[in-house]
Amino acid sequence: MALEKAFPEAAAARQLEATKLVGAEQQARYWLLDPQLAPASKPEFGDFQANGALALARPLQQPPRAVAAAIVEQLAADPAFTALCFPPQIAGPGFINLTLRPEALVAEVASRLADTRLGVPLAGVAAAVSGFGAAPAAGAAAGIVVPSPPAEPVIVDFSSPNIAKEMHVGHLRSTIIGDCLARVLAFRGHAVLRLNHVGDWGTQFGMLITHLKREAPEALTTADAVDLGDLVAFYRQAKQRFDADEAFQTTAREEVVKLQAGDPVSRRAWQLLCDQSRREFQLIYDRLGIELQERGESFYNPYLPAVVTDLEAAGLLVIDDGARCVFLEGVSGKEGKPLPVIVQKSDGGFNYATTDLAAIRYRFAAAPAGDGARRVIYVTDAGQASHFAGVFQVARRAGWIPEDRRLEHVPFGLVQGEDGKKLKTRSGDTVRLKDLLDEAVERSEADLRRRLVEEDRQEDEAFIHHVATTVGLAAVKYADLSQNRTTNYQFSFDRMLALQGNTAPYLLYAVVRIAGIARKGVEAAGASDMGSDPGDYGGDADLAFSEPQEWALVRHLLGFDAVIAEVEEELLPNRLCTYLFELSQVFNRFYDQVPVLKAPPQARASRLALCRLTADTLKLGLGLLGIPTLERM
RNA sequence: GGGGCUGUAGCUCAGCCGGAUAGAGCGACGGUUUCCUAAACCGUAGGUCGUGGGUUCGAGUCCCGCCAGCCCCGCCA
């Protein structure tokens, strides 16, 4: 955040001090030490704390507090620093506590109010604008310093359901987390390619087509001859036959070969099945407000042979038991033998590892023969961690990943039921995503209707439907995103729809409260002669804050950009959720204890401005989570 | 057998490249409404951070051992 501009100063001063205190021969070593500046761990310590003095004490052979004192002396001599912060306090064993001057905070609030990006820089612009003393809004005000957006895209590979199957809870996390990460990256100014790597190729199709030829041939020639539910049943039967019947297996494998070779009849059947599934997936995506570009496994079919050729040329291929493999370094399997990644089966066919390798190769290859990606992110369950580790290693050794490009697996844990086991329906089936979303919305609607009765409110059906849908879907998304991605999480309708706690309804309610103030503010403004532009309640006022709850809100609001930067780097949406939850809590305390509309004019204008900035921050933050907000609920 | 992830309050979980007295929500108990939606706010109780070592001025956080749970491991994806 802009407030952290104090940081470079502190760092420079400390480094300067280190130079003086140690001999020249040791300078280089300490030059690289950082002052360990971090947000204060407790409000009474101020805004930031620098812990670097403690680490320096030993090498300098001086008491930590003496080192801290020397640093503080340097800081005090710096006009830029003293303009921003009060004189630093040395506390405890040698912590340096920094407190920002109110004027600095107010100035930053004012600049955020004028900045639609709320202080979040566009990627690549950060360095240019961050010179000390530059007004944070300077970039925006000077009119788009933005260089042409980077041509190299960031690819987010997520959702990835399988054709001829319905989406189930297993796809939930990938879809929601991937969408959120894509939104954050796009907001930071990256060109984002959202790829849906659907399972539309391979053995499963041989199975299905072979089975349908006997059971329901019309499905292979006529669109929608059987509905998707039946198709799923056929798929299950096909799988059973495949596992039990050797002759069927052979036929199915031959069918795959025909399909991959482009046999017109097989292709036509495949196309029909894909179209049908695609429409079904799209219903879910539309409902969740998620955009995706489909590029399934079949897309990489033409590139599969080149994978093998490349690996062969790189000298990585080994034929083992008739299969072409690359043996992994540093990963030993059974009996100490290195673990293989099989890229071509003994029957000559390719498997999913080959497809994943072809995808990596294509995605990093320069356009137009590839995507030329700068960063590729895979959002899949943690169970595939070793698969991706292996595939990534092969891709690196093959030389497909240029220097300074990033390739990351973003794993997530399982969705579990409240019994701690994998989520299932009462009858033991996997839960269909559609049913899960339906139930969330139904429960949300029931809650709403109960409240309307209790509060004696009248709302029309359109309102009820809209609110119930928004809240229900938001609850599902938020429950997923607010959890640390890497761990399994327990799915609970009751918890996610709770009106209090770290839930979507709680956050949405905070936005609704502010919207209420805005509405009333505009009505009141119509009566008096304050400005009547509803989008600008108090924005132009001179800001002045006095109450502790106002300052708490100010300080929290100014942390937004730092959180976004963190999510972009760590790819952990729950950090943003925690921030927004805390912001809502701080706002609710403010709302509870500080009157806004009934305050005297000067305070009122400042408080309205704070409300607007809070609402904007919540809306933007929730938007990045893929959650739309409401004016009333 | 090898590898990965996880173990923090009764429950669900945070804890941001080690930092000051380990935080929140739910649940429990007790308060707050002439006032912008009380779907809120305030307070109390509750933890030897799985366990044993180690590194460090300082460890929930890093390293090693052990215990428990989940997941992955050659021609499925």
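By convention in this document, chain letters (A, B, ...) are assigned in the order of the sequence lines, proteins followed by strands, and residues within each chain are numbered from 1.
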Taking a pair to mean Watson-Crick or G-U wobble geometry with both distances below 3.5 Å, B:A45 pairs with none
Mate of B:G65 across any strand shown (Watson-Crick or G-U wobble, both atom pairs under 3.5 Å) is B:U51
Ignoring hydrogens and geometry beyond distance, is a side-chain donor-acceptor pair present between [X] and [Y] at under 3.5 Å?
X	Y	value
A:Gln237	A:His211	yes
A:Ser160	A:His171	no
A:Thr99	A:Asp47	no

Determine: side-chain N/O of [X] to OP1/OP2 of [N], distance under 4.0 Å, yes or no.
X	N	answer
A:Lys345	B:C76	yes
A:Arg632	B:A39	no
A:Gln585	B:A40	no
A:Arg589	B:C42	yes
A:Tyr591	B:A38	yes
A:Tyr506	B:C41	yes
A:Lys42	B:G23	yes

Give [X] one of three labels, base, sugar-phosphate or nothing, depending on what nucleic acid heavy atoms sit under 4.0 Å from its own.
X	answer
A:Val343	nothing
A:Ser386	sugar-phosphate
A:Glu582	nothing
A:Asn51	base
A:Thr203	sugar-phosphate
A:Gln500	sugar-phosphate
A:Arg324	nothing
A:Asn351	sugar-phosphate
A:Gly516	sugar-phosphate

Indicate for each nucleotide in nucleotides 4-15 of chain B, in 5' to 3' sequence, whether protein heavy atoms under 4.0 Å reach the base (B), only the sugar-phosphate (S), or nothing (-).
-> -SS-----SSSS
Taking the side chain of [X] as heavy atoms from C-beta outward, which of [options] is closest to it?
X	options	value
A:Pro340	B:A39, B:C41, B:G74	B:G74
A:Asp321	B:C36, B:C75, B:C17	B:C75
A:Leu414	B:C36, B:A40, B:C71	B:C71
A:Glu455	B:G74, B:C41, B:A39	B:A39
A:Lys598	B:A77, B:C35, B:G74	B:C35
A:Phe581	B:C75, B:A24, B:G74	B:A24
A:Leu597	B:A40, B:C36, B:C75	B:C36
A:Leu448	B:A39, B:C71, B:A24	B:A39

When the ring centroid of A:His197 is compared with that of A:Phe299, is the distance short of 6.0 Å?
-> no
When you look at NE2 of A:His387, are more than 12 heavy atoms from neighbouring residues, nucleotides or ligands closer to it than 6.0 Å?
-> yes
Should the heavy atoms of other residues, nucleotides or ligands under 6.0 Å from NZ of A:Lys424 be counted, would the total exceed 12?
-> yes
Contacts of A:Pro93 and A:Gly322 projected onto RNA chain B by closest heavy atom; the upstream (5') one is A:Pro93
d([atom1], [X]; [atom2], [N]) in whole Å:
X	N	atom1	atom2	result
A:Gln384	B:A77	CD	P	12 Å
A:Arg519	B:C36	CZ	P	13 Å
A:Gln593	B:C36	CD	C1'	15 Å
A:Phe587	B:A38	CZ	P	11 Å
A:Met207	B:A77	CE	C1'	11 Å
A:Glu569	B:C16	CD	C1'	12 Å
A:Ile517	B:C36	CD1	C1'	5 Å
A:Asp381	B:C71	CG	C1'	9 Å

Can you label the angle between the A:Phe392 ring and the A:Tyr378 ring as parallel, tilted or perpendicular, going by 30° and 60°?
-> tilted
Parallel, tilted or perpendicular: which describes the rings of A:Tyr579 and A:Phe560, with under 30° parallel and over 60° perpendicular?
-> tilted
For A:Phe95 and B:A20, say yes or no: do the ring centres fall under 5.5 Å of each other while the ring planes differ by less than 30°?
-> yes
Does the aromatic ring of A:Phe45 sit over the six-membered base ring of B:A20, closer than 5.5 Å centre to centre and tilted less than 30°?
-> yes
Can you list the steps and then say if A:Asp243 with A:Lys239 is a salt bridge (Lys or Arg N to Asp or Glu O under 4.0 Å)?
-> CA-CA 6 Å; A:Asp243 291 338; A:Lys239 172 81 176 137; 3.6 Å; yes
The side-chain contact (heavy atoms from CB on, under 4.5 Å) partner of A:Glu255 among A:Thr203, A:Thr250, A:Ile209 is A:Ile209
Classify the side chain of A:Asn97 and the base of B:A20 as holding, or not holding, a donor-acceptor pair under 3.5 Å.
-> yes
